[in-house]
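What you are looking at is a predicted structure, and each value in this text was computed from that prediction instead of being measured.
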Amino acid sequence: MASAFVFALSSGAWANWSGSISSWTDGGGANGQSRYWADESYTEIIFKGCTVQGGSETTGVELWDYDALSENDFYGEKTFTNCFNGTTYASRGEYNGLPQESDYFFQLDNVGGGSNACCLLWATYAGVDTTLADS
């Protein structure tokens with residue numbers, strides 16, 4: 001299944017970035033996985049303008065950090081639904097108490113409320129914010 005992720009670095013902290021998601025499904029890798037970013041303590045993942053093909057208007061977003069020598073570390077999953085209400089509506093997943101790492105990434109799970117990569121997700125905005133004090 002083809003997937004694409006387009007990103008552009010945003011201004012501000014070097015770990016913050018944004019882009020869009022096109023036809024991702026469950027599981028990461030070739031199915032869709034974000035770029036890596038460095039962080040410690042706090043990360044917020046934000047989606048806007050979500051649409052889904054083949055399921056209900058929901059998706060899980062998992063936070064991981066890459067580990068070359070053992071299994072990747074999993075930091076939990078957030079369920080996003082608000083971003084399906086239009087391009088100005090945001091779904092946000094906050095993660096606190098994270099260790100300092102240079103290779104965090106997110107991937108999707110249960111896109112469209114399904115399992116086994118049943119459904120595809122698009123988001124006009126997908127971003128990471130590592131600053132706790134948002135403006």
Side-chain angles (χ1 to χ4, degrees):
M1 209 170 274
S3 65
F5 187 77
V6 180
F7 67 90
L9 292 177
S10 62
S11 61
W14 66 276
N16 297 344
W17 57 267
S18 65
S20 62
I21 291 175
S22 179
S23 61
W24 281 20
T25 191
D26 297 355
N31 294 325
Q33 176 180 306
S34 76
R35 61 173 284 196
Y36 295 117
W37 70 91
D39 196 11
E40 66 177 311
S41 187
Y42 174 86
T43 282
E44 181 179 35
I45 301 168
I46 306 161
F47 286 8
K48 293 180 184 177
C50 298
T51 56
V52 67
Q53 176 187 16
S56 61
E57 295 182 333
T58 184
T59 189
V61 179
E62 300 176 334
L63 178 63
W64 295 83
D65 92 70
Y66 176 75
D67 191 337
L69 301 177
S70 63
E71 290 187 30
N72 294 338
D73 296 319
F74 178 62
Y75 293 98
E77 179 176 330
K78 307 293 182 178
T79 301
F80 284 10
T81 57
N82 199 45
C83 64
F84 293 95
N85 293 324
T87 58
T88 61
Y89 291 86
S91 290
R92 300 172 182 273
E94 294 183 347
Y95 298 86
N96 292 289
L98 299 172
Q100 184 172 356
E101 295 288 346
S102 62
D103 49 13
Y104 284 103
F105 68 94
F106 66 80
Q107 66 185 32
L108 304 181
D109 186 41
N110 299 316
V111 174
S115 59
N116 298 319
C118 82
C119 310
L120 298 175
L121 178 91
W122 286 261
T124 59
Y125 177 92
V128 170
D129 181 357
T130 60
T131 58
L132 186 55
D134 293 331
S135 54

Handout entry: Leu63 reachable from Trp17 in the ILVMFWY side-chain graph, under 4.5 Å edges
Key = yes

Handout entry: Chi angles and distances behind the side chain to side chain contact (heavy atoms under 4.5 Å, CB included) call for Val111, Val52
Key = CA-CA 8 Å; Val111 174; Val52 67; 3.8 Å; yes

Practice task
Would you check, one step at a time, whether the test side chain to side chain contact (heavy atoms under 4.5 Å, CB included) holds for Thr43 with Asp129?
Solution key: CA-CA 6 Å; Thr43 282; Asp129 181 357; over 6 Å; no

Exercise for the section: Return the minimal non-hydrogen interatomic distance between Cys83 and Ser91, and the atom names on each side. Expected result: N-OG, 2.8 Å

Fill in the blank from the handout: Which of Tyr95, Tyr75, Trp64, Phe47 passes side chain to side chain contact (heavy atoms under 4.5 Å, CB included) with Phe106? It is Phe47

Handout entry: Leu108 side chain reached by Asn31 side chain, heavy atoms, under 4.5 Å
Key = no

Fill in the blank from the handout: Residues Gln53 and Trp122: closest non-hydrogen pair is OE1-CH2, 3.4 Å

Exercise for the section: State the CD-CG distance between Glu77 and Asp109, to the nearest 0.5 angstrom. Expected result: 4.5 Å

Fill in the blank from the handout: Minimal heavy-atom distance between Ser20 and Thr124, with the atoms involved, is CB-O, 3.6 Å

Handout entry: Side chain Asn72, main chain Asp67, donor-acceptor under 3.5 Å
Key = yes

Practice task
Indicate yes or no for a side-chain donor-acceptor contact from Asp65 to the backbone of Asp103 under 3.5 Å, with no hydrogens or angles considered.
Solution key: no

Handout entry: Intermediate values then yes/no, side chain to side chain contact (heavy atoms under 4.5 Å, CB included), Ser34 and Tyr104
Key = CA-CA 9 Å; Ser34 76; Tyr104 284 103; over 6 Å; no

Problem - Contact check, side chains of Arg35 and Phe105, non-hydrogen atoms, under 4.5 Å - result: no

Practice task
Verify, without hydrogens or angle tests, whether Asn82 (side chain) and Ala90 (backbone) share a donor-acceptor contact under 3.5 angstrom.
Solution key: yes

Completion exercise
Rounded to the nearest 0.5 angstrom, the OG-CZ distance for Ser56 and Phe84 is 8.0 Å

Practice task
Using side chain to side chain donor-acceptor pair (under 3.5 Å) as the criterion, list what pairs up with Asp73, not counting sequence neighbours.
Solution key: none

Practice task
Say whether Asn16 and Thr130, considering side chains only, have a donor N or O and an acceptor N or O under 3.5 Å apart.
Solution key: yes

Practice task
Determine the minimum heavy-atom distance between Tyr42 and Asn96, stating which atoms define it.
Solution key: CD1-OD1, 3.0 Å

Completion exercise
Test side-chain hydrogen bond (donor to acceptor under 3.5 Å, both in side chains), reference Glu62, set Gln33, Gln107, Lys78, output is Gln107

Exercise for the section: Could you check Ser23 against Leu120 for side chain to side chain contact (heavy atoms under 4.5 Å, CB included), going step by step and ending with a plain yes or no? Expected result: CA-CA 5 Å; Ser23 61; Leu120 298 175; 4.3 Å; yes

Handout entry: Single-linkage hydrophobic cluster, 4.5 Å side-chain cutoff, Phe74 and Tyr36 together
Key = yes

Problem - Shortest non-hydrogen contact between Cys118 and Gly54, atoms and distance - result: SG-O, 4.2 Å

Practice task
Any chance you could measure Thr88, atom OG1, to Lys48, atom NZ, to the nearest 0.5 Å?
Solution key: 8.0 Å

Handout entry: For the student: nearest non-hydrogen atoms of Ile21 and Leu121, plus distance
Key = CG2-O, 3.7 Å

